[in-house]
Amino acid sequence: MVQVAAALIKKDGKFLICQRPAHKARGLLWEFVGGKLEKGETKQQALIRECREELDVTVLPGDVFMELVHEYPDMTVELTVFNAQIESGEIRLLEHNAVKWITPAEIPEYDFCPADKDILEAIIERGL
């Protein structure tokens, strides 16, 4: 089981989504910024590191928005999504193909990674 930490970053009634690079597994699908925990890291530490590596921003992780387990054909992911905010830096594309700020109503316009389905449903149900 792979532990993954992801950020639900909100601003002005929208939230941040990132498009995976074409050459990676689930290429060009949309996801939340984040990634795998490294040995000895807490989920919050991993989230801060991943956001710095992928978007060149420092985030401040808040409370847990949602936790879930998803089985892909090639791996099982234990995903923890944190409410988070950008503390410093300007978003730069260091890893992803693109980023977008979208409203919950715009979710159907994007193809997301299958693991994010329940998170997106929760965003629609709970609102931002």
Side-chain angles (χ1 to χ4, degrees):
M1 176 121 33
V2 178
Q3 286 195 308
V4 174
L8 175 55
I9 301 172
K10 301 173 257 189
K11 178 177 81 171
D12 302 327
K14 297 184 176 190
F15 64 97
L16 184 69
I17 60 172
C18 302
Q19 188 179 43
R20 292 179 62 81
H23 67 279
K24 291 224 171 169
R26 291 162 283 287
L28 300 180
L29 293 181
W30 292 86
E31 66 180 1
F32 298 92
V33 63
K36 299 173 190 164
L37 273 67
E38 292 182 353
K39 187 175 175 143
E41 277 185 323
T42 66
K43 293 175 182 179
Q44 291 90 341
Q45 289 168 333
L47 186 62
I48 291 166
R49 176 185 50 75
E50 287 284 349
C51 289
R52 198 173 294 128
E53 289 175 0
E54 295 180 359
L55 298 178
D56 199 25
V57 296
T58 301
V59 298
L60 182 62
D63 60 336
V64 172
F65 178 79
M66 183 175 228
E67 291 181 292
L68 61 94
V69 174
H70 184 83
E71 290 188 34
Y72 284 109
D74 56 332
M75 69 174 151
T76 300
V77 175
E78 181 184 284
L79 179 59
T80 302
V81 182
F82 290 91
N83 285 305
Q85 62 186 36
I86 296 174
E87 195 172 41
S88 64
E90 293 292 324
I91 293 173
R92 289 181 38 220
L93 295 176
L94 302 178
E95 170 79 18
H96 291 93
N97 195 53
V99 296
K100 297 262 186 189
W101 290 96
I102 68 167
T103 65
E106 293 172 302
I107 289 171
E109 298 172 27
Y110 297 88
D111 290 326
F112 284 88
C113 291
D116 294 334
K117 180 179 180 285
D118 291 342
I119 301 159
L120 296 163
E121 287 176 4
I123 289 170
I124 292 168
E125 288 171 15
R126 300 181 202 173
L128 288 179

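Asp111 CG: 12 or fewer foreign heavy atoms inside a 6.0 Å radius. For Glu53, the CD atom is densely surrounded, since the number of other residues' heavy atoms within 6.0 Å is greater than 12.
The closest side-chain heavy-atom distance from Val33 to Val59 is not below 4.5 Å. For the pair Glu54 and Leu94, the minimum side-chain heavy-atom distance is 4.5 Å or more. The closest side-chain heavy-atom distance from Asp116 to Ile17 is not below 4.5 Å. Using a 4.5 Å cut-off on side-chain heavy atoms (C-beta onward), Ile119 and Leu8 make no contact. A heavy-atom distance below 4.5 Å is not found between the side chains of Val57 and Ile9. You'll find the side chain of Pro114 reaches within 4.5 Å of the side chain of Leu29, heavy atoms only.
Val81 and Ile123 end up in the same hydrophobic cluster when Ile, Leu, Val, Met, Phe, Trp and Tyr side chains are linked at under 4.5 Å. Grouping the Ile, Leu, Val, Met, Phe, Trp and Tyr side chains by contacts below 4.5 angstrom, directly or via other members, places Ile86 apart from Ile102. No path of Ile, Leu, Val, Met, Phe, Trp and Tyr side chains, each step under 4.5 Å between heavy atoms, connects Leu28 with Ile107, placing them in separate hydrophobic clusters. Both Phe65 and Phe32 are assigned to one and the same hydrophobic cluster, defined by single-linkage of ILVMFWY side chains at heavy-atom distances under 4.5 Å. Residues Leu120 and Leu68 are members of one and the same hydrophobic cluster, defined by side-chain heavy-atom contacts under 4.5 angstrom among Ile, Leu, Val, Met, Phe, Trp and Tyr.
Leu60 CG to Ile48 CD1: the interatomic distance, rounded to the nearest 0.5 Å, is 7.5 Å. Distance check, rounded to the nearest 0.5 Å: CE of Met66 to OG1 of Thr80 gives 11.5 Å. Distance check, rounded to the nearest 0.5 Å: CD of Glu38 to CZ of Arg49 gives 3.5 Å.
One finds a salt bridge joining Lys24 and Glu95 here, because a Lys/Arg side-chain nitrogen approaches an Asp/Glu carboxylate oxygen to under 4.0 Å.
Of all heavy-atom pairs spanning Pro104 and Gly13, the tightest one is CD-O, 4.0 Å. When all heavy atoms of Ala7 and Ala84 are compared, the pair lying nearest together is CB-CB, 3.9 Å. Nearest heavy atom pair, residue Leu47 against residue Gly34, reads CD1-CA, 4.3 Å. The two residues Glu41 and Ala46 have their closest heavy-atom pair at OE1-CB, 3.3 Å. For Val99 against Cys18, the heavy-atom pair with the smallest separation is CG1-SG, 3.7 Å. Closest approach of Ala5 to Leu37, counting heavy atoms only: N-CD1, 3.9 Å.
Among pairs with a residue in residues 78-90, those fulfilling salt bridge (charged side-chain N to carboxylate O under 4.0 Å, His left out) read Lys43-Glu78, at least two apart in sequence or across chains. Within the structure, ring-ring contact (aromatic ring centres under 6.0 Å, His included) pairs that include any residue of residues 77-123 comprise Trp30-Tyr110 (at least two apart or interchain). Applying the salt bridge (charged side-chain N to carboxylate O under 4.0 Å, His left out) test to residues at least two apart or on different chains, the pairs with a partner in residues 11-23 are Arg20-Glu31.
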